Amino acid sequence: MIYINNLEKAQQLFDALSSPTRMKIIELLQQTRSMNMDTLSKALNISNGALTAHIKKLSDCGIINVKLQSVGHGTQKLCMLGESKIVVDLIDQTLSGKYERLELNVGQYSSCKINPTCGFCDKIRPLFDFDNPQYFKYPEHFDAELLWFCDGFVTYSFPNPLPEGQTLTEIQLSMELSSEGPFLAKDYPATIHFYNHDKLLGKYVSPGEFDEHRGKLTPEWWFYGQYGELVTITIGETGTCINGLESSSYSIRDILSDAGEDDFIRLKLSCENQTTTKGGIMLFGKNYGDHPQGIVMRAVYR
């Protein structure tokens with residue numbers, strides 16, 4: 001997902017989308033998932049040189065990914081969509097309001113229930129053997145910056161970061177994730193449910209594991225899913241949105257009512273009991289994927 005809350009910084013993206021030819025390229029890739037440059041130029045009836053200029057603009061702002069593919073005795077450039085959503089937030093309270101930010105490593109969960117396939121890595125190597133859930137209870141899990149499991153949940157607990165006497169107006173929770181499946185499962189959707197203190201915030205469907213490009217932060221030695229999509233959960237005064245789309249009626253009032261003495265937010269990510277999808281969860285931390293963060297909470301107040 002491309003998330004925009006600053007229109008000035010998004011000018012490059014808007015410029016890339018201003019061309020009818022580039023919009024047609026996006027439409028073609030929506031239909032076919034990937035196309036090589038020669039096929040695209042013929043479909044658009046333009047020269048390879050003109051197409052290269054259009055592809056560069058779309059690639060520079062992250063809409064399209066281009067990778068080399070071996071064909072016979074040579075190579076070809078394969079184009080595919082790099083993002084599934086573009087969300088424009090015209091009213092971002094954090095731009096003018098005050099907020100406190102807390103961040104946890106993906107391994108700093110407070111509770112879990114894990115079924116294989118599963119495993120985790122710190123920033124330089126895998127920790128323990130794969131597919132053994134008992135290791136998720138070992139203290140080394142706090143160092144994990146990449147973790148995955150096929151079925152189960154992880155829960156992250158955040159304290160109340162607000163200064164005394166301040167009024168909470170919004171909670172934002174964000175993380176980079178993808179589906180998890182056997183080996184590298186590109187088409188293996190997962191339905192991921194989000195809860196706070198076991199109250200449903202909403203759900204998100206990840207289409208599979210992503211490897212169309214190497215994650216910007218992912219180390220060279222890692223050979224499975226390369227990056228995820230940045231998922232943002234926003235809990236406001238009227239309800240909850242996931243990536244800008246309304247997901248539930250759970251509101252700030254509910255957060256204040258559910259907050260406990262030990263934790264203010266108890267965020268659970270679950271892929272249990274799926275009925276229409278079968279993938280698990282892969283979570284990317286600061287040194288993996290495309291976004292240099294773990295599980296982030298921002299508490300906006302006035």
Side-chain angles (χ1 to χ4, degrees), residues 102-159 173-186 188-198 203-204 206 208-211 214-215 217-231 262-263 265-274 277-297:
L102 295 177
E103 181 175 359
L104 299 174
N105 288 339
V106 298
Q108 290 180 294
Y109 46 83
S110 55
S111 64
C112 68
K113 185 178 105 175
I114 301 297
N115 291 304
T117 55
C118 61
F120 47 85
C121 305
D122 65 15
K123 64 181 180 180
I124 61 173
R125 65 187 183 281
L127 295 169
F128 307 112
D129 297 329
F130 295 166
D131 300 334
N132 191 335
Q134 71 175 346
Y135 293 132
F136 278 73
K137 300 293 186 179
Y138 282 34
E140 286 86 351
H141 77 73
F142 287 103
D143 297 324
E145 296 198 16
L146 176 74
L147 68 81
W148 64 94
F149 54 92
C150 189
D151 178 80
F153 68 82
V154 285
T155 301
Y156 297 90
S157 297
F158 291 92
L173 299 156
S174 66
M175 66 228 70
E176 183 177 353
L177 57 79
S178 74
S179 179
E180 155 62 13
F183 300 104
L184 183 57
K186 298 181 182 180
Y188 208 81
T191 301
I192 301 167
H193 289 83
F194 300 98
Y195 299 87
N196 179 42
H197 290 271
D198 292 322
K203 64 181 181 180
Y204 165 81
S206 175
E209 293 182 59
F210 304 107
D211 78 329
R214 176 163 290 280
L217 305 166
T218 302
E220 292 288 335
W221 57 265
W222 179 245
F223 44 87
Y224 287 134
Q226 290 294 305
Y227 64 95
E229 294 183 320
L230 189 66
V231 176
D262 296 329
D263 46 27
I265 297 290
R266 192 184 303 161
L267 174 67
K268 181 167 81 170
L269 286 68
S270 171
C271 59
E272 300 174 284
N273 305 318
Q274 299 188 65
T277 58
K278 53 188 176 180
I281 297 175
M282 178 171 277
L283 282 166
F284 297 82
K286 291 181 180 180
N287 289 287
Y288 291 83
D290 285 345
H291 302 276
Q293 67 166 74
I295 312 297
V296 172
M297 180 187 79

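Every value quoted in this text rests on a predicted model; they were computed, and no experiment measured them.
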Distance-only donor-acceptor hits, side chain of residues 141-156, under 3.5 Å, sequence neighbours excluded:
residue : atom : partner : partner atom : Å
His141  : ND1  : Gly107  : O            : 2.6
Glu145  : OE1  : Asn287  : N            : 3.2
Glu145  : OE1  : Asn287  : ND2          : 2.5
Glu145  : OE2  : Asn287  : ND2          : 3.3
Asp151  : OD2  : Asn115  : ND2          : 2.9
Thr155  : OG1  : Ser111  : OG           : 3.4
Tyr156  : OH   : Val106  : O            : 2.6

Problem set entry | Cys118 backbone acceptor or donor facing Tyr135 side chain under 3.5 Å |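 Answer holds: no.
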
Exercise. Does Gln293 reach the main-chain N or O of Ser174 with its side chain, forming a donor-acceptor pair under 3.5 Å?
Worked result: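 Pair found, side chain donor or acceptor close to backbone of Ser174.
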
With heavy-atom distances below 4.5 Å as the criterion, would you say the side chains of [X] and [Y] are in contact?
X      : Y      : answer
Leu283 : Ile295 : yes
Ser110 : Phe158 : no
Lys268 : Asp198 : yes
Tyr288 : Pro219 : yes
Glu180 : Ile281 : no
Asp262 : Ser157 : no
Val231 : Phe194 : yes
Met175 : Leu269 : yes

For this session: Give a yes or no on whether Phe223 atom CZ has more than 12 heavy-atom contacts from other residues, nucleotides or ligands under 6.0 Å away.
Result: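 Count over threshold, so yes.
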
For this session: For this output row, return yes or no: ring centroids of Phe284 and Tyr227 closer than 6.0 angstrom.
Result: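 No, too far apart.
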
For this session: Start with the C-alpha gap between Arg266 and Asn196, add the side-chain angles, then the distance that decides, and say whether side-chain contact (heavy atoms from CB on, under 4.5 Å) holds.
Result: CA-CA 5 Å; Arg266 192 184 303 161; Asn196 179 42; 4.3 Å; yes

For this session: For Cys271 and Gly279, work out which heavy atoms get closest and say how close.
Result: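 The answer is CB-O, 4.1 Å.
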
For this session: Output every pair passing salt bridge (charged side-chain N to carboxylate O under 4.0 Å, His left out) with a member in residues 110-120, not counting sequence neighbours, ordered by first then second residue.
Result: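 Counting only pairs at least two positions apart or across chains, the salt bridge (charged side-chain N to carboxylate O under 4.0 Å, His left out) contacts touching residues 110-120 are Lys113-Glu272.
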
For this session: Determine, step by step, whether Glu209 and Tyr188 satisfy the side-chain contact (heavy atoms from CB on, under 4.5 Å) criterion, reporting the C-alpha distance in whole Å, the side-chain angles of both residues, the deciding distance to 0.1 Å, and the verdict.
Result: CA-CA 7 Å; Glu209 293 182 59; Tyr188 208 81; over 6 Å; no

Exercise. What's the verdict on side-chain contact (heavy atoms from CB on, under 4.5 Å) for Ser178 and Gln226, showing C-alpha distance, side-chain angles and the deciding distance?
Worked result: CA-CA 9 Å; Ser178 74; Gln226 290 294 305; over 6 Å; no

